[in-house]
Amino acid sequence: MRTSQYLLGTMKETPADAEVISHQLMLRAGMVRKVASGLYTWTPTGLRVLRKVEQVVREEMEKAGAIEVLMPMVQPADLWEESGRWHDYGPELLRIKDRHNRDFVLGPTHEEVISELVRKEINSYKQLPLNLFQIQTKFRDEIRPRFGVMRSREFIMKDAYSFHTTQESLEDTYKTMFDAYCNIFNRLGLDFRPVIADTGSIGGNMSHEFHVLASSGEDDIAFSDSSDYAANVELAEAVAIADEPLAATQAMEKIATPEAKTIKALVEQFDINIESTVKTLIVHAADTTAKDTKAPANAPAKLVALIIRGDHELNEIKAAKHSAVASPLVFASDEEIRAAVGAGPGSLGPVNLTMPVIIDRAVASMSDFAAGANEEGFHFFGINWNRDVALPEVADLRNVRAGDASPDGKGTLNIARGIEVGHIFQLGTKYSEAMKAGVLNEDGKNQSLIMGCYGIGVSRIVAAAIEQNNDANGIIWPTAMAPYQVCILPMNMHKSARVQEVAEKLYAELKAAGVEVLFDDRKERPGVMFADMELIGIPHTIVIGERNLDEQAVEYKNRRSGEKETLKIADVLARVQSA
RNA sequence: CGGCGAUUAGCGCAGCUUGGUAGCGCACUUGGUUUGGGUCCAAGGGGUCGCAGGUUCAAAUCCUGCAUCGCCGACCA
C-alpha cells in the first residue's frame with residue numbers, strides 16, 4: 001500500500017476525552033474514530049489489526065475442532081422469552097421493534113440462537129460432541145462505555161458453544177478450549193493469565209477468565225508467587241490468618257471517643273494498631289432470615305452486621321452470596337442504622353448488638369481488639385471473643401490482599417490489574433433445558449444437551465495489546481497483529497531518481513513475496529514519516545537514502561528494539577522474512 | 001441512575017468574571033525555503049460559539065430548560 005493512496009489519519013495531538021494509552025494511541029494512529037458513545041468506526045489501519053486477531057482466533061478454533069457459523073445480530077424476542085432472559089437480562093439488552101411492531105433484541109450473546117439451531121439440527125447422540133463458533137458483532141447497552149474499544153457498546157466477539165451428552169465430554173472440550181485460548185494469546189504475543197472465575201448466575205462448576213495484565217485493567221487478579229493459582233479478586237478465597245485467637249491480655253473497657261468517627265481517626269487518636277480494630281458494616285438481610293431477627297418492629301428493613309478487620313476491605317460479592325445477606329448487597333442507610341442500634345456508623349461494634357452478626361475469618365482470630373460500643377461517641381477496647389461477647393458466625397467476607405497466603409497452600413498472593421479478554425465456562429443444561437434442546441441418547445431416552453460456552457473479546461484484544469506494547473513514540477505491534485510488517489521510507493524521493501528507483505523496486509519485490517508493506521511515498525519530510533510509522537507501530541522499517549546507495553545498501557530499523565543495521569538491498573527480503 | 005465538569009474551526013485550547021458581534025497553536029490550501037527525526041517565512045480558506053427560549057439597544061459572555069460528551073460512584077456477563 002502506498003501512503004499517498006491510503007487513509008492514514010494520524011494525529012499529533014491527543015483528543016481530550018481519551019483517558020487510557022490504548023485509546024489515545026488508537027485515535028492518534030488512525031485506527032478508530034468515535035461515532036457516538038461506545039460506537040466506533042474502524043478505519044483502515046485499525047481494521048487490518050482487527051482482522052489479524054480474528055484470523056489467529058479462527059485458525060486456532062478450527063485447529064481445536066470448532067466449526068464456524070454466523071448467526072444474526074438481530075434476534076427475535078421469542079427466543080429470549082423462552083430462555084427467560086427477556087425478563088432477566090436488564091437494560092443492557094437493547095430491545096427493538098420491527099415495522100410489524102414485533103419485539104427483537106440486538107444480541108449481546110448468542111446462547112438462545114445457537115440452542116435453537118442445535119435443537120433443530122441435532123437429533124442423535126451420534127452427532128455429538130459439536131463445537132460451533134462465530135466471530136460476530138455484539139451489542140451491550142453499557143451504562144458507561146469507556147476506554148475506547150476496551151469497553152464499548154458495540155464490539156466484536158468470538159463466541160463458541162459446545163454440546164455434549166456427558167459431563168466428561170464437556171470437560172474434554174473445555175480443556176481443549178483452555179489450551180486453544182492459551183495458544184491464541186501466545187500467538188498474539190500477549191502477557192496473559194488464566195484465572196479462576198465466577199460461574200455467577202449462569203451456574204456450572206468450572207469457569208476461567210483469561211486476563212491480559214495491564215495497569216489500566218478493570219479487574220484485580222490475585223495470583224500465587226509459587227503456584228499456578230490465579231483468581232479474580234472478586235472470587236479469591238481469603239484463608240484464615242490464624243486458627244485460634246491469642247490469649248486475652250487486656251480487660252475490656254469502655255472509652256469515650258467523641259472525635260473518632262472513622263477507623264483512621266481512632267487509630268491516630270489512641271495510638272493503636274489498625275490490625276487491632278474492626279469495622280462493623282450494616283447491610284440488609286435476606287428476606288428468608290428476616291423473620292428471625294430481633295430488629296425493632298418499626299425498622300423497615302431487616303439488617304445484618306458484617307464485621308471485618310479495620311484495615312481490610314469488604315468483598316461485596318462474597319457478602320451477597322451469604323444466605324443471610326440480601327443479594328444484591330444493600331448497605332443500610334444512616335437512618336436505618338440509628339433506628340436499629342441507637343448509634344450511627346462510626347460507633348458500631350459487636351458488643352451488645354441486637355442483630356445477626358457475621359464476622360470475617362480474620363476477625364475470628366483477633367484478641368484484645370477495639371470496636372464501637374453501639375453508643376454514640378464510645379468504643380470498647382480490649383474486646384475478646386467468648387469472654388466479652390459470644391463468637392458469631394464466621395465467613396470469608398473480605399478481599400484478599402497482596403501478601404496473603406494463597407488458598408492452595410502454596411506461596412503468597414500478588415495482585416495485578418487485568419483486562420478480561422477471554423472467558424470459558426461449563427454451562428451445563430441451563431439453556432438446553434429452557435430451550436428444550438435434547439437428543440436421544442444410547443438408551444433411546446431424551447436427554448438435555450450439556451453445554452459449554454467460550455468467548456473472546458476480539459476488539460478488546462486490540463486495545464489490550466496496545467496497553468502492553470507501546471512507548472513514547474507510539475504503538476509497538478507484536479508481529480502477529482501488525483497492520484503491515486514493513487514500511488519503506490524513502491528519503492527525499494522526489495529529488496533523487498536513484499532513491500525512487502530503489503524504493504519502487506523494493507516495494508514491488510516485497511509485495512510479490514507476500515510481505516505486507518506500506519510504502520511512504522508522500523512528499524513529506526523524513527521526520528514526519530518516521531514519526532507516523534513509529535506511531536502506527538510497524539515492526540520493520542527500511543530507510544532508503546542517497547547515503548547508502550553507493551554501496552547498494554539501505555538501513556533497517558527494528559521498532560521494538562530500536563536497533564539499526566545496514567543491509568544490502570538484495571538481503572532485505574530475507575532479513576524481513578526471518579524476523 | 002446520582003454527583004461533578006465540559007460543549008467556541010478537523011484536533012488542542014483562550015475569550016465569559018466586568019455584554020459591544022471571535023482569537024491562538026497544530027492541521028489544511030498557495031508561493032518560496034529546507035531536506036536522515038514532527039523545517040522556516042509569507043499569504044490564505046474554514047466557526048448559525050451544542051440546541052431552544054429569555055433578559056438587553058446589543059449575548060460566546062447573564063438567566064432558564066434541554067441535548068450530547070466525559071469523570072467519579074452505583075450498576076453489570
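Numbered from 1 within each chain, the chains take letters A, B, ... in sequence-line order. Below, each value reflects all heavy atoms present in this structure, side chains not excepted, and no hydrogens, waters or symmetry copies. This is a predicted model, so every value here is computed, not measured.
The closest side-chain heavy-atom distance from A/E54 to A/I156 is below 4.5 Å.
Of the P atoms belonging to B/A9 and B/U48, the separation is 9 Å, rounded to the nearest Å. Only the C1' atoms considered, B/C51 is 14 Å distant from B/A60, to the nearest whole Å. One C1' atom belongs to B/U55, the other to B/C28, and the distance between them is 40 Å to the nearest Å. A distance of about 13 Å separates the P atoms of B/G50 and B/G10, rounded to the whole Å. Between the C1' atoms of B/G37 and B/G73, the separation comes to 45 Å (whole Å). Nucleotides B/C40 and B/C26 have their P atoms positioned 8 Å apart, rounded to a whole Å. Using atom C1' as the reference point in both B/G46 and B/G65, the two lie 32 Å apart (nearest Å). Between B/C76 and B/U61, the two P atoms lie 42 Å apart (nearest whole Å).
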Reading 5' to 3' through nucleotides 66-72 of chain B, protein heavy-atom contacts under 4.0 Å coded B for base, S for sugar-phosphate only, - for none: ---SSSB

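When the side-chain contact (heavy atoms from CB on, under 4.5 Å) test is applied to A/E555, the partners found at least two apart in sequence or on another chain are A/V543, A/N548, A/K564. Take A/F178 and apply the ring-ring contact (aromatic ring centres under 6.0 Å, His included) test, not counting sequence neighbours, and it matches A/H208, A/F210.
Searching all strands for a Watson-Crick or G-U wobble partner of B/G70 with both distances below 3.5 Å returns B/C4. Nucleotide B/G10 forms a pair with B/C26, judged by Watson-Crick or G-U wobble geometry with both contacts under 3.5 Å. Summarising the base pairing, B/A59 is matched to no nucleotide, lacking a Watson-Crick or G-U wobble pair whose two defining distances lie under 3.5 Å. When both pairing distances are held under 3.5 Å, B/U18 makes no Watson-Crick or G-U pair with any nucleotide shown. Nucleotide B/C40 is matched to B/G32 when pairs are restricted to Watson-Crick or G-U wobble geometry with both distances under 3.5 angstrom. B/G47 is unpaired under the Watson-Crick or G-U wobble criterion, no partner having all donor-acceptor distances under 3.5 Å.
When rounded to the nearest whole Å, the span between CE of A/M529 and P of B/G38 equals 13 Å. Going from atom CD of A/E218 over to atom C1' of B/C75 covers 13 Å, rounded to whole Å. The CG-P distance, from A/N492 to B/G36, rounds to 6 Å in whole Å. Per the geometry, CG belonging to A/L8 stands 14 Å off C1' belonging to B/A27, to the nearest Å. Put simply, CG on A/D88 is 14 Å from C1' on B/C76, counting in whole angstrom units. Here the P atom of nucleotide B/G37 and the CZ atom of A/R559 are 17 Å apart, to the nearest Å. Rounded to an integer number of Å, the gap from CG of A/D141 to P of B/A77 is 14 Å. A/F139 places its CZ atom 14 Å from the C1' atom of B/C76, with the value rounded to the nearest Å.
When distances run from any side-chain atom of A/R547 to the nucleotides B/C75, B/A77, B/G36, the shortest one goes to B/G36. For A/I143, the side-chain atoms get nearest to B/C75 when compared with the rest of B/A77, B/U35, B/C75. Candidate nucleotides B/G36, B/C26, B/C76 were compared by shortest atom distance to the side chain of A/E13, and B/C26 ranks first. Side-chain proximity of A/R28 to the nucleotides B/G38, B/A77, B/G36 is greatest for B/G38.
Nucleic acid contact class of A/R33 (heavy atoms, under 4.0 Å, all strands): none. At the heavy-atom level, A/M491 lies under 4.0 Å from base atoms of the strands shown. Base contact: A/E534 has a heavy atom under 4.0 Å from a base atom. No engagement by A/H23 is indicated, since no non-hydrogen atom pair under 4.0 Å with the nucleic acid exists. Using a 4.0 Å heavy-atom criterion, one finds that A/K557 contacts the bases of the nucleic acid, with or without backbone contacts as well. Among the protein residues, A/T14 comes within range of the sugar-phosphate backbone only, with heavy atoms under 4.0 Å from sugar or phosphate atoms but none that close to a base. At the heavy-atom level, A/N548 lies under 4.0 Å from base atoms of the strands shown.
Judged by the 6.0 Å and 45° rule, A/R575 forms a cation-pi pair with A/Y556.
Of the side-chain N and O atoms in A/R525, one or more sit less than 4.0 angstrom from OP1 or OP2 of B/U39.
Taking only distance into account, the side chain of A/E209 meets the base of B/A77 through a donor-acceptor pair shorter than 3.5 Å. Between the base of B/G36 and the side chain of A/E555 there is a donor-acceptor pair shorter than 3.5 Å.
Classification of A/E68 and A/R58 as a salt-bridged pair holds, one side-chain N sitting under 4.0 Å from a carboxylate O. Under a 4.0 Å N-O distance rule, the pair A/K495/A/E546 does not qualify as a salt bridge. Here A/D471 does not pair with A/R560 in a salt bridge; the nearest charged N to carboxylate O distance is not below 4.0 Å. With respect to the salt-bridge test (charged N to carboxylate O, under 4.0 angstrom), the residues A/R140 and A/E154 do not qualify.
A/H110 and A/Y161 have their aromatic ring centers separated by at least 6.0 angstrom.
A donor-acceptor pair shorter than 3.5 Å can be found between the side chains of A/S83 and A/E112.
Between A/Y89 and A/K523, the residue whose closest nucleotide on RNA chain B is further toward the 5' end is A/K523.
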